[in-house]
Amino acid sequence: MCLTTEALLLFLNLLPQDIVVMGEDRIVVKAETRDAIWISNGEKWCTDAPKIDAAYRLKPGVDI
């Protein structure tokens, strides 16, 4: 999943600032289960968090 810088910043403004760690080319959103790491990809910021969460949920024997 990728977002423009503007869209990502709008999203991050909805979150408590104590769970957001911003770096020059990386933004980490601390979460209870797993952190979401956003990486700068030129004009957009991308994360694999939705794919990782889906893979975890679809893993046999995993109770959520």
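Heads up: numbering here begins at 1 and tracks the sequence.
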Hey, can you pull the donor-acceptor pairs under 3.5 Å for the side chains in residues 12-31, sequence neighbours left out?
residue, atom, partner, partner atom, Å
Asn13, ND2, Leu9, O, 3.1
Gln17, NE2, Leu12, O, 3.3
Gln17, NE2, Leu15, O, 3.3

*asked:* Filter on disulfide (SG to SG under 2.5 Å), then keep only pairs touching residues 2-41, sequence neighbours left out; what's left?
replied: Cys2-Cys46
*Donor-acceptor pair, Thr47 side chain versus Met1 backbone, under 3.5 Å?*
no
*Under the side chain to side chain donor-acceptor pair (under 3.5 Å) rule, collect the residues that match up with Thr5, sequence neighbours excluded.*
Trp45
